[in-house]
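Convention: sequence-line order gives letters A, B, ...; per-chain numbering from 1. These numbers come from the heavy atoms of this one structure, side chains and all, not from hydrogens, waters or symmetry mates. No experiment lies behind these values; they were computed from the predicted model shown.
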2 protein chains.
Amino acid sequence: MQDAALHGAQVPSREAILDAATALMARFGYAGTSISKISAASGSPASSIYWHFGSKDGIYLAVLRRARQHLVSSLPGTRPAGDTVGERLTAFLDGASAAFENHPHDLRLLLGLGMLEEGTGAAAIAELGQYRLALRQWATDSLGHVFGLADRPAVADELARFMLSVVGGTAIARWFDGPVTSLPVQQLRVALLALARHHRLPVDEGPP
Amino acid sequence: MQDAALHGAQVPSREAILDAATALMARFGYAGTSISKISAASGSPASSIYWHFGSKDGIYLAVLRRARQHLVSSLPGTRPAGDTVGERLTAFLDGASAAFENHPHDLRLLLGLGMLEEGTGAAAIAELGQYRLALRQWATDSLGHVFGLADRPAVADELARFMLSVVGGTAIARWFDGPVTSLPVQQLRVALLALARHHRLPVDEGPP
DNA sequence: GTCTATAACCAGATAGAC
DNA sequence: GTCTATCTGGTTATAGAC
């Protein structure tokens with residue numbers, strides 16, 4: 001497979017193709033997105049697409065890579081501000097909610113395209129794994145900082161998994177219900193605090 | 001579209017076709033499943049498939065219908081047993097976890113095939129909505145009974161949505177990680193109890 | 001109800017001029 | 001880097017014998 005990076009030139013059409021492919025694949029999935037649709041949506045002929053990406057798998061891989069970069073670089077830092085657990089947790093959840101709102105495409109790509117196994121290249125599958133790992137790492141680090149869990153990584157990991165389950169489930173609900181549905185920040189707050197207490201973590205919050 | 005029901009005959013091949021189509025669509029999605037693959041997997045020629053279901057949309061609709069029936073009929077009743085909130089909640093979550101383990105196909109169909117909008121028939125989309133509603137109704141009724149929420153339906157609905165978000169997110173994690181991942185029953189228990197307390201519901205459980 | 005055969009079309013991918 | 005033209009194969013769907 002050829003790649004524009006090897007040729008050194010800056011290619012505006014490359015980005016346009018990626019934009020179109022991202023939107024289509026987030027909507028219709030990998031199998032449901034054809035080269036000709038990408039061609040029509042981006043304005044570039046099919047041969048240009050192949051010149052840039054070599055194959056349909058190549059486009060998919062490039063789309064995933066860019067989506068991961070976009071999403072990860074839009075995440076807030078892993079040290080949410082605040083003097084108390086409650087403040088830091090609020091800051092963390094607000095940041096997560098904002099990222100959730102601003103990157104529906106990228107999330108859908110991660111979630112919806114998990115269905116491939118056969119029929120797609122190993123590189124794309126690996127990229128998907130990286131995508132998911134990056135999110136997990138971010139959540140684990142952030143929650144570790146919120147609750148002061150440097151010495152209890154297992155607990156941080158458990159909280160992150162639970163949190164990401166809710167994120168994933170909410171993303172599903174969103175693609176049925178549309179943008180009305182957003183992250184249930186309040187419930188997540190209550191749930192995460194309860195899980196922290198359940199692990200006997202010091203949580204400086206009582207009933208109001 | 002024709003339909004075997006109109007012809008009155010019992011058709012064993014119909015079920016075989018549906019079995020094959022269910023497995024394939026749960027794995028590869030709607031667009032990724034072709035008639036010829038269903039034909040090869042079920043042993044019936046393509047023309048038989050069209051005789052039974054009329055179109056690819058027709059197969060999809062029938063697959064969804066049957067998956068919904070299977071899943072819904074496998075759910076435990078909406079009145080989990082127990083004298084205390086804690087006991088009823090445990091019974092409810094154990095039942096949900098069992099259904100989750102036993103019906104990965106049916107859940108995947110619900111979740112993964114949400115990506116269609118265009119390109120698939122309106123009837124199939126409506127069926128998907130029914131599918132999802134049935135699950136929501138079951139969760140709402142069950143949690144209403146667990147916490148005694150006959151007079152506070154909004155709270156029951158909120159708890160059900162939160163619970164189903166976790167279920168959906170876990171289903172996603174499962175199709176990355178495989179059957180190792182199951183419903184986080186313990187965390188769900190802690191979270192749901194905390195949300196109930198947050199709504200000032202009487203919860204007969206303190207720290208042990 | 002199931003078979004073989006096939007029509008009509010669209011998919012992924014490539015060739016070669018420019 | 002982009003264009004037009006094209007090849008090959010798979011796709012949905014149908015026709016008509018049995």
Rounding to an integer number of Å, can you tell me how far B:Y60 OH sits from D:dT12 P? 15 Å
Among C:dC3, D:dT11, D:dT2, the one nearest B:S34 by side-chain distance: D:dT11
Hey, is the side chain of B:S44 poking within less than 4.0 Å of OP1 or OP2 on C:dT2, counting only N and O atoms? no
To the nearest angstrom, the CH2-P distance between A:W51 and C:dA13 comes to 18 Å
Atom pair distance, as rounded to whole Å: OH in B:Y30 and P in D:dT11: 13 Å
Scan the side chains in residues 162-174 of chain A for donor-acceptor partners under 3.5 Å anywhere in the protein, sequence neighbours excluded, and list what turns up.
from	atom 1	to	atom 2	distance (Å)
A:S165	OG	A:R161	O	3.4
A:T170	OG1	A:V166	O	2.6
A:R174	NH1	A:T181	O	2.8
A:R174	NH2	A:E101	OE1	3.3

Using whole Å, what does the distance between atom C1' of nucleotide D:dT12 and atom CZ of B:F53 come to? 16 Å
Detail all sub-3.5 Å separations between protein N/O atoms and N/O atoms belonging to nucleotides 6-8 of chain C.
none

Which pairs, protein N/O on one side and nucleotides 13-17 of chain D N/O on the other, fall under 3.5 Å?
from	atom 1	to	atom 2	distance (Å)
D:dA13	OP2	B:Y50	OH	3.3
D:dA13	OP2	B:K56	N	3.0

For the side chain of A:S44 and the backbone of A:S39, is there at least one donor-acceptor N/O pair under 3.5 Å apart? no
Quick check against the 3.5 Å criterion: does A:W175 have a side-chain atom that pairs as donor or acceptor with the backbone of A:P104? no
Residue set satisfying side chain to side chain contact (heavy atoms under 4.5 Å, CB included) with A:S74, at least two apart, ordered chain then number -> A:L71, A:A99, A:H103
Please answer whether the main-chain N or O of B:P153 pairs with a side-chain N or O of B:D157 as donor and acceptor at a distance below 3.5 Å. no
Whole angstrom value for the distance that separates C1' of C:dA11 from CD1 of A:I38: 12 Å
Spacing between B:F28 atom CZ and D:dT11 atom P, to the nearest angstrom: 12 Å
Could you check whether A:S39 gets within reach of a base, just the sugar-phosphate, or nothing at all, counting any heavy atom under 4.0 Å? nothing
Among all residues two or more places apart in sequence or in another chain, which pass the side chain to side chain contact (heavy atoms under 4.5 Å, CB included) test with A:R152? A:L149, A:V155, A:H199, A:L201
For the pair A:S13 (side chain) and A:A16 (backbone), establish whether a donor and an acceptor sit closer than 3.5 Å, ignoring hydrogens and angles. no
Below the 4.0 Å mark, does D:dT11 have OP1 or OP2 next to a side-chain nitrogen or oxygen of B:S36? yes
Carboxylate-amine/guanidinium contact B:R66 B:D19, below 4.0 Å: yes
Applying salt bridge (charged side-chain N to carboxylate O under 4.0 Å, His left out), can you list everything that pairs with A:D177, at least two apart in sequence or on another chain? B:R132
